[in-house]
2 protein chains.
Amino acid sequence: MEPLAEKKKAILESTLELVKENGFHGTPMSMVAKEAGVAAGTIYHYFDSKERLICELYSYVKQRTIDALQAGDNEDLPYQDRFFAIWMSLYTFYIKNPNVLRFFEQFVNSPYNTNKVEVRHDEFHSLLYLFFEKGIEQGHLRPVNPEILGVLAHGSIITTAKVYGRGKIQMGDVELKQIARILWDGMSVR
Amino acid sequence: MEPLAEKKKAILESTLELVKENGFHGTPMSMVAKEAGVAAGTIYHYFDSKERLICELYSYVKQRTIDALQAGDNEDLPYQDRFFAIWMSLYTFYIKNPNVLRFFEQFVNSPYNTNKVEVRHDEFHSLLYLFFEKGIEQGHLRPVNPEILGVLAHGSIITTAKVYGRGKIQMGDVELKQIARILWDGMSVR
DNA sequence: TACTTCCAATTGAATGTTCATTCGGTCGGC
DNA sequence: GCCGACCGAATGAACATTCAATTGGAAGTA
């Protein structure tokens, strides 16, 4: 079992899928077990409790998000291009993985989140921080707290991905570029 | 019982408060009853089920948000001033009513939300739409789908209010003005 | 006023169901 | 024959919902 025992992974993936559709409630362990093709007891071989399962799933999924962020980044690009590349790759990740987006949204606003399982060294947060800090230092961005810029930019990505998922509004390349540009023009030194 | 039977209102308010702290799960009807100072059975005199209670609470709270939006608006102001006034009043409403914000976030990403209890004529949505549509017509804003502008602006408010609620980042008047300005500068025709 | 109906509002114990979790036991490789 | 992975029926707790019983006040009656 090098990366992640097959069963354990199946349990995590099944939970992710079921939570998207039914929420935390509405997703009994028995359902997770059936979907993952294991016995209920097996889940408890890998996770102490439902809460731990949810929290581990959070870490698991967050790492995938970090991977998507890094994969879309290229430090050699001009700063503005990097901004748009990162914006688009995170957006693409979320619309390709709607269950991740939905899970995050539910997790963040749930009691499970009180456990500071993840406050340790939040890599995602750090990456964004460093990126925006550098933009300010190099004179591309306005001198606003980089944390705020990071949260704002990420917020716009999430919001846009949710709008896309709702399906009521046309969201083609044109619209995406418009949105990312609004952010860029607002944050950059003109 | 003209506006809302006292008990009914107490039940709604208690639910709002408890959901903020414990989430939908973690908030049994018995707890709502105790907090509201009524018997469990009484809740069922006013609401058919827990689901209906949650959905009615959503309408109830949404109306309060609409009121806040309208109270902060003043059609006589110059357009840009209106933008900042609306931004600030909604932001202020959310930070003064963190339980509302928290409830919304939970509700939107929950199975309760599938019931299109509210898609009828979404006044909040309409108000934002009209506001941004007018901005485009009058040449203040870029010609981007007003729905998108509305969602983006509202998203920035929500995001900022959540950041404030988390308490990790300093959020004074200076920061708020910076954030609202980023939005305005991005959306407006320069 | 005094007395009687009537019914909505209210109660909270009882019900039945739905889970999370447990545990005694099976299985297969070493 | 040892052990970890795995199974799934059994357990007990938590919960949404029900309902038979109580209350109190409004309206009717004389």
Side-chain angles (χ1 to χ4, degrees), chain A residues 1-60 103 106-107 110-115 117, chain B residues 1-60 103 106-107 110-115 117:
Chain A
M1 59 186 83
E2 310 82 35
L4 215 45
E6 276 313 303
K7 303 252 165 143
K8 183 168 183 179
K9 189 167 182 180
I11 292 167
L12 288 170
E13 295 288 351
S14 300
T15 306
L16 183 59
E17 182 62 23
L18 290 170
V19 165
K20 175 187 100 188
E21 281 162 17
N22 313 311
F24 290 134
H25 38 305
T27 305
M29 296 296 259
S30 57
M31 197 185 285
V32 172
K34 191 199 274 187
E35 175 90 5
V38 304
T42 303
I43 298 178
Y44 288 86
H45 180 69
Y46 293 104
F47 307 94
D48 287 351
S49 65
K50 186 173 184 178
E51 168 158 1
R52 276 277 225 303
L53 165 59
I54 299 289
C55 290
E56 277 203 40
L57 178 54
Y58 177 68
S59 302
Y60 172 73
F103 175 79
Q106 290 203 42
F107 182 84
S110 83
Y112 294 123
N113 191 29
T114 61
N115 313 15
V117 184
Chain B
M1 59 188 82
E2 309 81 35
L4 214 47
E6 276 312 304
K7 302 251 165 141
K8 184 169 183 178
K9 189 167 182 179
I11 292 166
L12 286 170
E13 295 288 352
S14 301
T15 306
L16 185 59
E17 182 63 22
L18 290 170
V19 164
K20 175 187 101 187
E21 281 162 15
N22 313 311
F24 290 134
H25 37 306
T27 304
M29 295 296 257
S30 57
M31 197 185 284
V32 171
K34 191 198 276 184
E35 175 89 5
V38 304
T42 303
I43 298 178
Y44 288 87
H45 180 71
Y46 294 103
F47 306 93
D48 288 352
S49 64
K50 186 173 184 178
E51 169 158 2
R52 275 275 226 303
L53 166 59
I54 299 289
C55 290
E56 277 202 43
L57 178 53
Y58 177 68
S59 302
Y60 173 73
F103 175 79
Q106 290 202 42
F107 183 83
S110 82
Y112 293 122
N113 191 30
T114 62
N115 314 15
V117 184

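Every chain is numbered from 1 and lettered A, B, ... according to where its sequence line falls, protein lines coming before strand lines.
Between Thr42(B) and dT11(C) there is a side-chain polar atom (N or O) within less than 4.0 angstrom of OP1 or OP2. Between Lys7(A) and dC7(D) there is a side-chain polar atom (N or O) within less than 4.0 angstrom of OP1 or OP2. The phosphate of dT10(C) (OP1 or OP2) has no side-chain N or O of His45(B) nearer than 4.0 angstrom.
The OH atom of Tyr46(B) sits 18 Å away from the P atom of dT17(D) (whole-angstrom rounding). Across the protein-nucleic acid pair, Lys9(B) atom NZ and dA9(C) atom C1' stand 20 Å apart, rounded to whole Å. At whole-Å resolution of the value, CD1 in Ile43(B) and C1' in dC19(D) are 16 Å apart.
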- Task: Heavy atoms under 4.0 Å is the rule here; annotate nucleotides 19-30 of chain C 5' to 3' with B where the base is hit, S where only the sugar-phosphate is, and - elsewhere.
- Result: SSBB--------
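Among the atoms of the strands shown, none is found under 4.0 Å from any heavy atom of Phe47(B).
Atom CD1 of Ile11(B) sits about 11.5 Å away from atom CD of Glu13(B), to the nearest 0.5 Å.
The six-membered or imidazole ring of Phe24(B) lies near that of Tyr112(B), with a centre-to-centre distance under 6.0 Å.
Partners of His45(A) under the side chain to side chain contact (heavy atoms under 4.5 Å, CB included) rule, at least two apart in sequence or in another chain, do not exist in this structure. In this structure, the side chain to side chain contact (heavy atoms under 4.5 Å, CB included) partners of Glu21(A), at least two apart in sequence or on a different chain, are Glu17(A).
With hydrogens and angles disregarded, a donor-acceptor distance shorter than 3.5 Å links the side chain of Gln106(A) to the backbone of Val19(A).
Remark: Lys9(B) is not positioned above the aromatic ring of Tyr46(B), lacking an NZ or CZ atom under 6.0 angstrom from the ring centre and at most 45 degrees off the axis.
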